[in-house]
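See below for the structure under consideration.
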Amino acid sequence: MPDLILHGIRVEDTFAEAFDMAATALVLTAETPEWAMIAATTMTGFATSVIGCGAEAGIDAVLAPDATPDGRPGVRVLLFGFDAGGLKDQLLRRVGQCVLTSPGSAVFAGIAWDDPNVGKALKLGGAIRYFGDGFATAKRVAGRRYWRTPVMDGEFLCEHSVPTVQGAVGGGNLLFLGRRFGDTLRVAEIAVAAARTVPDVILPFPGGVVRSGSKVGARTKGMMASTNDAYCPTLKGRAGSALPPEVDVVLEIVIDGLSAASVSAAMRAALHASTRAGADLGLVAVTAGNYGGNLGRHHFHLRDLLGEAA
């Protein structure tokens with residue numbers, strides 16, 4: 001099957017294989033934009049892979065005061081898990097240890113309760129209130145229930161529960177095959193910036209980029225995953241390498257979204273931005289990772305992403 005061409009760059013005619021996930025969104029607010037961002041970055045730390053970290057999390061948007069429930073600066077974060085039970089555990093741990101502790105913070109549901117894709121509710125403030133040792137009080141505003149837990153700077157306001165989203169997807173991806181590390185990293189950065197313009201998605205790896213792509217299984221007994229040796233440039237001489245001689249670096253981006261449509265849109269934006277810049281940065285090709293279609297039911301074919309967004 002012949003390869004595809006986009007903006008003069010070869011695009012392999014393959015697909016990214018992604019998975020159903022449980023997900024929710026929170027709006028974190030604080031007295032200043034800086035403290036809202038501190039709460040958000042702390043809460044979403046150590047959340048690159050649900051396998052190793054228990055969750056995948058990241059920042060979706062920075063919110064102006066007129067876009068938050070309490071009229072203060074805010075940040076919207078997304079959190080993904082294998083299932084609602086695991087997601088709830090991570091949610092309580094991360095809000096309890098990283099947001100409750102952050103000066104001036106408050107937490108609100110980041111998904112409208114009347115959204116047609118709302119799923120199971122996860123108790124949040126209704127569980128964290130027990131930190132208040134019986135002194136927390138409930139209040140209801142516009143039909144939504146909140147808990148006010150006494151803390152040393154006043155009160156921690158947290159919504160009683162937050163909704164999950166039906167149809168969330170994790171694992172959309174693109175791999176950039178380049179000649180030089182610095183240039184290929186710049187291509188990946190351009191792709192990340194483009195993907196982040198799409199609402200309802202996160203790129204959970206450091207700076208949105210991952211260098212240690214993995215495959216399922218390993219030669220070492222008990223390992224769930226191991227290095228993606230087919231794309232390791234130092235192993236080009238071995239049987240099974242997928243790299244042409246001129247490729248000396250491969251970097252990947254991974255995209256999680258609240259819907260398959262948001263993941264597809266983010267992949268499209270990243271693919272177009274990276275290939276536009278690629279010729280000047282030594283980009284050889286763009287491809288995607290999959291498991292032969294045997295594990296994830298969402299298949300994002302690169303062929304379908306070649307056209308500009310409508």
Side-chain angles (χ1 to χ4, degrees), residues 1 3-4 9-19 21 46-54 56 58 80 82 169-192 195 202-256 263 266-267 270-271 274-275 278 281-303 305:
M1 187 177 295
D3 289 325
L4 312 168
I9 301 297
R10 180 165 60 88
V11 176
E12 294 189 2
D13 195 0
T14 186
F15 62 93
E17 186 170 349
F19 307 86
M21 298 188 80
F46 189 62
T48 57
S49 167
V50 69
I51 296 173
C53 306
E56 295 177 13
F80 295 78
F82 277 131
V169 175
N173 66 83
L174 293 171
L175 281 76
F176 306 106
L177 283 58
R179 291 180 171 86
R180 297 171 297 275
F181 173 77
D183 287 343
T184 309
L185 180 59
R186 182 64 188 132
V187 168
E189 290 170 341
I190 290 168
V192 167
I202 60 167
L203 289 84
F205 283 95
V209 184
V210 55
R211 68 170 182 174
S212 56
S214 61
K215 64 179 184 297
V216 174
R219 295 189 295 177
T220 302
K221 185 178 180 181
M223 290 280 291
M224 293 180 62
S226 60
T227 191
N228 193 357
D229 52 277
Y231 287 94
C232 291
T234 58
L235 302 178
K236 279 190 295 187
R238 299 175 62 90
S241 175
L243 301 180
E246 66 271 28
V247 171
D248 280 329
V249 59
V250 178
L251 293 173
E252 181 179 3
I253 64 171
V254 175
I255 300 169
D256 298 340
V263 172
M267 286 182 60
L271 179 62
S274 62
T275 52
L281 294 169
L283 183 63
V284 174
V286 181
T287 188
N290 62 68
Y291 310 95
N294 298 316
L295 297 180
R297 74 181 183 95
H298 300 279
H299 301 165
F300 298 98
H301 290 265
L302 301 190
R303 172 181 290 274
L305 305 178

Please name the pair of heavy atoms, one in [X] and one in [Y], separated by the smallest distance, quoted to 0.1 Å.
| X | Y | value |
| --- | --- | --- |
| P244 | L177 | CD-CD2, 4.5 Å |
| V187 | S274 | CG1-CB, 3.7 Å |
| A288 | A16 | CB-N, 3.7 Å |
| I253 | A191 | CD1-CB, 4.1 Å |
| G217 | S226 | O-OG, 2.7 Å |
| K215 | T227 | NZ-O, 2.8 Å |

Between [X] (side chain) and [Y] (backbone), is there a donor-acceptor pair under 3.5 Å?
| X | Y | answer |
| --- | --- | --- |
| D256 | G171 | yes |
| K236 | S241 | no |
| E17 | Y291 | yes |

Counting C-beta onward and ignoring hydrogens, is there a side-chain heavy-atom pair between [X] and [Y] closer than 4.5 Å?
| X | Y | value |
| --- | --- | --- |
| L174 | F176 | yes |
| L302 | M267 | yes |
| D229 | R238 | no |
| V11 | L305 | no |
| D248 | R179 | no |
| V210 | V254 | yes |

Side chain to side chain contact (heavy atoms under 4.5 Å, CB included) between V284 and R10, intermediate numbers included = CA-CA 7 Å; V284 174; R10 180 165 60 88; 4.0 Å; yes

For the pair H298 and F300, name the ring-plane relationship: parallel under 30°, tilted 30 to 60°, perpendicular over 60°.
->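 Correct class here is parallel.
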
Go through the steps for N290 and H299 under the test side chain to side chain contact (heavy atoms under 4.5 Å, CB included), then give the verdict.
-> CA-CA 8 Å; N290 62 68; H299 301 165; over 6 Å; no

Enter the distance from S212:OG to L251:CG here, rounded to the nearest 0.5 Å.
->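 If I round to the nearest 0.5 Å, the distance is 10.5 Å.
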
Find the distance between CG (L281) and OG1 (T275) and round it off to the nearest 0.5 Å.
->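 Atom-to-atom, L281:CG and T275:OG1 are 11.5 Å apart.
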
